[in-house]
Structure formats: structure tokens, C-alpha cells
2 protein chains.
Amino acid sequence: MEWLKEPERHFPPHETLKHFNDGVCVTYIQEKAGLSQSTISTYLTNMEKCGLLISTRHGKWSYLKRNEKTIKEFTDFLT
Amino acid sequence: MEWLKEPERHFPPHETLKHFNDGVCVTYIQEKAGLSQSTISTYLTNMEKCGLLISTRHGKWSYLKRNEKTIKEFTDFLT
DNA sequence: CAAACATATTGATAAATCTCGATATATAAA
DNA sequence: TTTATATATCGAGATTTATCAATATGTTTG
């Protein structure tokens with residue numbers, strides 16, 4: 001969640017997409033997290049299901065970005 | 001944590017102490033939570049150790065109240 | 001001091017979570 | 001249309017968490 005606040009500071013640029021408008025691809029997140037591909041895929045899927053992330057598919061890549069609306073609702077609830 | 005925001009709304013008055021200045025006794029929290037005495041005692045001890053609660057002993061009773069300072073630090077971190 | 005009461009600690013078990021490798025599926029490239 | 005690449009799903013083991021009953025410790029009261 002923290003990394004996705006500033007993708008350009010935490011991830012290399014995408015080869016195909018020249019921007020981070022839809023977030024970061026699963027592979028980059030997986031490599032940086034240092035967990036297995038299946039683990040990260042499951043985590044990201046769950047985080048999307050519970051509304052914390054937004055997933056967008058471009059060709060064979062899935063890009064993940066923060067869902068600021070739900071995140072705010074959640075932190076507001078915690079506060 | 002939520003109950004302790006307004007003890008007078010969520011708990012009966014204490015017999016000995018006539019106020020909630022130091023929070024609520026373990027027994028009341030235990031009864032309201034519906035978990036065993038040992039479970040609640042452990043939880044409250046841990047929450048105190050990690051700074052979320054402040055524990056004050058008056059005679060044979062322990063009273064628990066929120067540690068607003070640490071709670072704020074934590075919610076700030078989450079936000 | 002002994003009995004009673006409030007809280008703390010210990011030891012145990014069931015359930016949940018973390019994490020992986022293997023495999024499946026989807027998409028693009030050759 | 002086979003192969004390569006990216007992501008998803010499944011099944012399983014190890015670790016952690018939730019929770020309890022039993023027991024211990026601390027404190028007051030008779």
C-alpha cells in the first residue's frame with residue numbers, strides 16, 4: 001500500500017505502458033515483496049476483492065493501484 | 001477500545017469507585033465481551049504492554065482506560 | 001491468618017493465517 | 001497454432017492466533 005503511493009519512487013518503469021496511471025504490474029510487486037508469485041497474486045486478488053486496490057488488465061498484465069476512496073473510508077473508521 | 005470511549009454509556013457504575021476516571025475494571029469488560037476471564041486478562045495485559053491502554057490498580061481491582069496519546073500515534077501512522 | 005474475591009499466568013487445542021510448489025488459465029508472440 | 005509469458009487457483013505444511021480450563025498470585029475482609 002505504501003509503495004503504491006509513489007510507484008515511480010519504488011518501481012522501475014513499465015516496458016509497454018509508459019506510465020503508472022493504473023498502478024504497478026503484479027510481477028514488480030512480487031519481486032519487490034520477495035514472496036512467491038502465488039502468494040502475491042492471492043494477496044492482491046484479496047485486497048482488490050475487499051476494495052483496497054483497483055485492478056486493471058492491459059493485455060497479459062494486471063496493474064494494481066490504490067483505491068483511495070475505500071482506503072479513506074477504512075482509515076476514517078479506524079480513527 | 002470503542003466501549004472505553006464512553007464508559008458510562010457501556011458499563012454499570014463501579015461499586016467502590018464512584019467514577020470512571022481510571023477506566024473500567026477487568027470484570028466488567030470481561031462480562032460485556034463474553035469471553036473467558038483468562039482471555040480478557042491476557043488481552044488487556046497485552047494491550048497495555050503495547051501502549052494502547054493504561055492500567056491502574058485500586059486495591060484488588062485493575063482499571064483500564066484508553067491511552068489516547070499512543071492511540072493517536074497509531075491511527076496517524078495508519079493514515 | 002483464613003476465606004473470598006479480582007486478576008494474572010500456564011498449558012493446551014482448534015482454527016486461522018502465511019506461504020509455498022504445482023498446476024491451470026489467459027494472453028501475446030513466433 | 002504451438003510456445004512463451006503473466007497471472008490465477010489449488011492443496012498442503014508450518015506457524016500464529018484465539019480461546020479456554022486450571023491454577024497461581026495478589027488483595028481485602030472477617
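A note on names: the letters A, B, ... follow the listed sequences, proteins ahead of strands, and every chain is numbered from 1.
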A.B. asks: Over how many whole Å does the gap from B/N46 atom CG to D/dT16 atom P extend?
C.D. replies: 16 Å
A.B. asks: Take the protein atom NE2 of B/H58 and the nucleotide atom C1' of D/dG26, then report the distance between them rounded to whole Å.
C.D. replies: 16 Å
A.B. asks: Figure out the CE/C1' separation between A/M47 and C/dC18, and round it to whole Å.
C.D. replies: 15 Å
A.B. asks: Rounded to whole Å, how long is the line connecting atom CZ of B/R57 with atom P of D/dG26?
C.D. replies: 9 Å
A.B. asks: Do the rings of A/H14 and A/Y28 sit parallel, tilted or perpendicular, given the 30° and 60° boundaries?
C.D. replies: parallel
A.B. asks: Quick check on contacts: within residues 17-32 of chain A, what sits under 4.0 Å from DNA chain D by heavy-atom distance?
C.D. replies: A/C25, A/V26, A/T27
A.B. asks: Rounded off to whole Å, could you give me the CH2-to-C1' distance for the A/W61 and D/dT5 pair?
C.D. replies: 8 Å
A.B. asks: I'd like to know if B/V24 and B/I40 are part of one continuous hydrophobic network [Ile/Leu/Val/Met/Phe/Trp/Tyr, side-chain heavy atoms within less than 4.5 Å].
C.D. replies: yes
A.B. asks: What's the closest nucleotide to the B/T45 side chain, out of D/dT9, C/dT27, C/dA8?
C.D. replies: C/dA8
A.B. asks: Nearest-Å distance, NE2 (B/H14) to P (C/dC5)?
C.D. replies: 18 Å
A.B. asks: For residues A/T79 and A/D76, is any side-chain donor paired with an opposing acceptor at under 3.5 Å?
C.D. replies: no
A.B. asks: Mind running salt bridge (Lys or Arg N to Asp or Glu O under 4.0 Å) on A/E73 and A/K69 for me, showing each step along the way?
C.D. replies: CA-CA 6 Å; A/E73 283 170 17; A/K69 185 171 175 302; 2.9 Å; yes
A.B. asks: Does CZ in B/F20 sit with more than 12 non-hydrogen atoms of other residues, nucleotides or ligands closer than 6.0 Å?
C.D. replies: yes
A.B. asks: Treating Ile, Leu, Val, Met, Phe, Trp and Tyr as nodes and any side-chain heavy-atom pair under 4.5 angstrom as an edge, say whether A/Y43 and A/F11 lie in one connected cluster.
C.D. replies: yes
A.B. asks: Can you list, by residue number, the residues of residues 37-44 of chain A that have a non-hydrogen atom closer than 4.0 angstrom to DNA chain D?
C.D. replies: A/Q37, A/S38, A/S41, A/T42
A.B. asks: What integer distance in Å separates B/Y63:OH from D/dT27:P?
C.D. replies: 14 Å
A.B. asks: Between the side chains of B/T42 and B/T39, does any donor sit under 3.5 Å from an acceptor?
C.D. replies: no
A.B. asks: Once the angle between the rings of B/W3 and B/H10 is folded into 0 to 90°, is it parallel (under 30°), tilted (30 to 60°) or perpendicular (over 60°)?
C.D. replies: tilted
A.B. asks: Report the distance from atom CG of B/L53 to atom C1' of C/dT7, rounded to the nearest whole Å.
C.D. replies: 15 Å
A.B. asks: With the side chain of A/K60 defined as its heavy atoms from C-beta on, choose the nearest nucleotide among C/dT7, C/dT27, C/dT9.
C.D. replies: C/dT27
A.B. asks: For A/F74 and A/F77, take the angle between the two ring planes, folded into 0 to 90°, and tell me which bin it lands in: parallel under 30, tilted 30 to 60, perpendicular over 60.
C.D. replies: parallel
